[in-house]
Every structure is written in structure tokens, then in C-alpha cells.
Amino acid sequence: MTLATRILSSVAAILFIAGCTNYYEIPIETPIKPKLDVSAFQRVLVAGFIAGGTDDVDGNLETTRLLRSQLRTKSDLRVIDTDVLPLMEVATETPGTPEVKAEPTRSVPPSDGAEGREREGKEGKAETKPEPKGEAPQAATPEKPAAIKDAKDLEPYEHVFADVEYWKKIGEEYQNPLIVTGTVMFTPHQRSGIVQREEEVYDSFGRRRVVPVRTYMERKGYILQPKFVFIDGRTGTVMHSENFREEVLYNANQSTPALSSYFELMDRLIPSFLSTLSSQKIKGTRVLLQ
Amino acid sequence: MRTRVLTIFLLLGATAAPLAADARSDAKKQVEFGIAVAQRGLWREAIYRWERAAQIDPKYAEAYNDLAIAYEHEGDLEKARVAYEKALELEPNNALIKQNYELFKEINDRTTRKDTQDDPGNQNP
């Protein structure tokens, strides 16, 4: 048997097999069950976050606004629209916290649009609530210690999430909602090294080819490390918490605003955040065989 | 004597082959019907048909592949995994089943990864 005959017979065999198999592409939507059973709650309070890292982005305000906006449009819970809680103050007032030099930050107006992400048009889902009285935190001037520069600096404040009495009180004031809080670290980051990228080349006949090229590059970007804590407003206890880490690197010559990088990174982990509270559907395509 | 034994074997072979062919043919009809209804969005009916096909012909890899897709669509990821693995066990070199399984694994791994991110001692209300 010659080589040509062999090739021909192989091609014929492949064509025969392909001809025999009938297949149909079909779109599917895989539902992913929520991790938390939140059926007992009708409202959600995104209370605020203990944030640190770069001064270019206020991780507390931006995260609160973004999560409220996402929950308003993508969950069945009614979002309580109120000022963020000054968690730093609360954490420093309670025992077990080292003294931290605090500096005032801007106050957070409720229902304020954040980079066009707030969708206030969704009426009926947002709830406004008068400022809590008594010992409950006043939203006027949350304080942010300047010392929080890395994840370790956050640790002394994290005990606030386990303060059952505090969260129970907050829960009572807001009619026992699900409370979302946590920490957000958004830090600048740079890395240099060998990077593989694709480059177009043309040969002597003018044919275009894409070849992998390894080059030394200096890159800079950001790391986003949020920890979301879900608290039962009826009991004040932590129901669930999740840690995430996302990073982005750009060419060192490229100038990308910190806020833009923050939203880019949050966009990546928002589906995971939402899937904790509500069922999500993942769209895809599969091949049915006959 | 030898001739008799041979004849019996031949007869058995001759009857078994059409039986297997009949089973495959019946199962194929179920699979075809299942595909038609799945394309109209009637996934429950499709599951019933493909389960029947797998019962009729337990070596029909395509029936398990289709069943796995339907389970995936219904959100029953554990059943989907078992069905995909059965399909691949029967036809380990089928590129289309492999491709479906890889796509399924991406989703399945994501949900399992999420579970490992949980803090210990988490409790539902």
C-alpha cells in the first residue's frame, strides 16, 4: 500500500466516522444554588467595610455603593439605603484594639450615584431609613485610620464582626435584615519579569504569522482583597464569610486610574458574591449526540 | 459433536447480534426523541427519554452524554458528573463528550472551590 493510498483511506475513515455521528449544539443554563439560605430575610443592609490600602480609592464607600447597587438589581432582597456605619470607630471603641491615629474622611450621602453604577431608578427595592438613634453609630463622619496599609493592619479591627451585641442592636434598628460587612484591601502592586506576548511577523512572501515572544517587562497594577462577612441581623452572629483576591497588572507606561482598576477587579468577583445570596445561571453550549 | 457445538455457537451469535442491534435501535429512537424535545426546551421529558435509552442499551455512550447535559441544565451537578464519567468510560476517545465534560468541570470546580473558601463553622439561619 502506497503512502498516498494510506492517507486517502485514513481521510475516508475520518469522514465516515464524522458522517455517522449526528450532533446538535444546544444552549444550556446551569443554575447554581445560593450558598446561603437567605429566605428568612426580606432586607439586606450593606453596613460598610473596614478598608485600607491606597488612598486613591475609598474602599469602604465604593464597595458599599457597588454592592448595594448590585443587590438592588440582582437579588430579591430589599436594599436598605442608609449611611455607612463607622466600623473603624466601633472597632477602636471596643476592647482589644490598639490605639490608632484616626483621621476624618468624607461623609457618605445615601443614594449617591457611584460612577454611574447606582441604579436609583429601581424604585420600590431601595429602602431609606432614618439615622439610628442612641448608641448606634452616627453616619456623619466615619473615621479611617491612616495606618491600614496591608492586610496585617486590618487584623486588629476584625474582632468587630464577632461583636454579637453590636450587630444585634443594628439588626433591631433596621428590622432584622441580613447584614453584609467585611474588610477591603486595595493596594498598589508592581512586578517585573519575563512575559510572553504574541507578535505579528511577516515573512518574505508577505504572509502574516503570530508568534510568541518572551520579553522583559515592568508592570504595575493593583491587588484587591475583600472579605465579605454575612451577619444575621436577628441574632448578631456571623453566618458566613468569604475571602477573595484579584489582581491586575498593566504595562508600566500605561496610566490607569486606581478607581478604574478597582471596578475592573470588583467586576470579576461580583458574580461570586451574588451567588452566595441568590441563585445564578451560567450560560453555555453543549453538544448533544445521537 | 464438534459440529454441533459450533452450530450452537453460530446460532447464539446469529441471534445475539440482532438483539443487540435491536436494543441500540430502540435506544437510538429514545435519544432522537429526547433531542427533539430538548431543543424545544422540554428538558424533563428529554431526561426521561435518555434515561430509558440508557436502560435499554447500557453501553450507549451518547445517551449518557445527553443525560449529563440535561442534568447540568437542571442544576443537578452530581448526577451530571456521574453520567459524563459513564459516557467517557464507554467512549474514552470521543472528542465531543470530552469537550462537554471539560466545560462542565469548569462550572463544577468553581462551585466546589467556592465551598472551600468558606470559613469553618459557618451556619445558616
Side-chain angles (χ1 to χ4, degrees), chain A residues 14 17-18 20-41 161-162 171 176-179 182 227-235 237-245 269 271-276 279-290, chain B residues 27-36 38-41 43 46 50 53 60-77 80 84 87 91 93-104 106-108 110-111 113-125:
Chain A
I14 290 167
I17 292 164
C20 287
T21 313
N22 285 331
Y23 61 89
Y24 306 86
E25 271 202 7
I26 193 156
I28 64 161
E29 285 186 355
T30 311
I32 304 292
K33 287 176 197 155
K35 212 181 301 171
L36 269 184
D37 177 10
V38 293
S39 56
F41 301 100
F161 305 122
N176 301 328
L178 169 70
I179 300 169
K227 176 185 180 179
F228 298 122
V229 180
F230 299 86
I231 293 171
D232 186 338
R234 299 166 301 179
T235 61
T237 53
V238 174
M239 294 161 61
H240 176 78
S241 68
E242 272 182 80
N243 291 294
F244 293 93
R245 187 186 187 279
L269 53 89
S272 296
F273 167 78
L274 290 172
S275 69
T276 307
S279 61
Q280 303 290 307
K281 282 192 172 177
I282 301 176
K283 289 183 181 176
T285 316
R286 301 287 184 274
V287 181
L288 292 171
L289 302 172
Q290 196 175 306
Chain B
K28 216 163 186 176
K29 277 179 196 157
Q30 297 290 336
V31 165
E32 270 176 45
F33 193 83
I35 291 172
Q39 284 172 328
R40 292 191 184 93
W43 287 93
W50 292 329
Y60 192 6
E62 285 79 357
Y64 287 104
N65 170 77
D66 297 353
L67 201 46
I69 293 170
Y71 286 144
E72 209 183 332
H73 184 81
E74 294 294 295
D76 199 336
L77 301 186
Y84 273 127
E91 278 191 27
N93 298 320
N94 189 316
L96 293 170
I97 299 177
K98 271 191 203 168
Q99 179 190 310
N100 284 334
Y101 185 52
E102 287 302 318
L103 292 168
F104 160 76
E106 254 178 55
I107 294 174
N108 198 37
R110 206 190 301 177
T111 54
R113 205 181 316 135
K114 267 191 329 189
D115 290 342
T116 57
Q117 282 175 339
D118 295 355
D119 284 357
N122 286 333
Q123 48 186 17
N124 282 358

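Computed over heavy atoms, backbone and side chain alike; hydrogens, waters and symmetry mates excluded. Naming convention: chains lettered A, B, ... in sequence-line order (proteins, then strands); numbering from 1 in each chain.
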In Å and rounded to the nearest 0.5 Å, what is the [atom1] to [atom2] distance from [X] to [Y]?
{"X": "B:Q99", "Y": "A:Y23", "atom1": "CD", "atom2": "OH", "value": "9.5 Å"}
{"X": "A:N22", "Y": "B:E62", "atom1": "CG", "atom2": "CD", "value": "10.0 Å"}
{"X": "B:W43", "Y": "A:E29", "atom1": "CH2", "atom2": "CD", "value": "10.5 Å"}
{"X": "A:L288", "Y": "B:I35", "atom1": "CG", "atom2": "CD1", "value": "5.5 Å"}
{"X": "B:K29", "Y": "A:Q290", "atom1": "NZ", "atom2": "CD", "value": "12.5 Å"}

task = Give, as side chain, backbone, both or neither, the part of A:I26 having an atom under 4.5 angstrom from any heavy atom of chain B.
result =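 Just its side chain gets close to chain B.
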Residue part contacting chain B, namely of A:T235, when any heavy atom lies under 4.5 Å =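 Contact with chain B involves no heavy atom of A:T235 at all.
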request  = Among A:L178, A:T285, A:V287, single out the residue with the greatest number of heavy-atom pairs under 4.5 Å to chain B.
outcome  =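 The residue among A:L178, A:T285, A:V287 with the greatest pair count is A:V287.
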request  = Output all residues satisfying side-chain hydrogen bond (donor to acceptor under 3.5 Å, both in side chains) with B:N65, sequence neighbours left out; order by chain, then residue number.
outcome  =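 For B:N65, the residues satisfying side-chain hydrogen bond (donor to acceptor under 3.5 Å, both in side chains) (neighbours in sequence not counted) are B:N100.
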Residues forming a side-chain hydrogen bond (donor to acceptor under 3.5 Å, both in side chains) with A:S279, sequence neighbours excluded =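 Result, side-chain hydrogen bond (donor to acceptor under 3.5 Å, both in side chains) vs A:S279: none returned.
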ask   = Shortest non-hydrogen contact from A:R286 to B:I107?
value =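 Nearest heavy atoms, A:R286 then B:I107: NH2-CD1, 3.7 Å.
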Part of B:Y60 within contact of chain A (heavy atom distance under 4.5 Å) =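 When you check distances to chain A, only side chain atoms of B:Y60 fall under 4.5 Å.
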ask   = Given that the side chain runs from C-beta out, which part of B:A70 has a heavy atom under 4.5 Å from chain A: side chain, backbone, both or neither?
value =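 Neither the backbone nor the side chain of B:A70 comes within 4.5 Å of chain A.
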query = B:V31, B:D76, B:L103, B:I97: which one forms the most heavy-atom pairs within less than 4.5 Å of chain A?
reply =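 Top option by heavy-atom pairs under 4.5 Å: B:L103.
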query = Taking atom CD of A:E25 as the centre, does the number of heavy atoms from other residues, nucleotides or ligands within less than 6.0 Å exceed 12?
reply =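 No, the 6.0 Å shell around CD holds no more than 12 heavy atoms from other groups.
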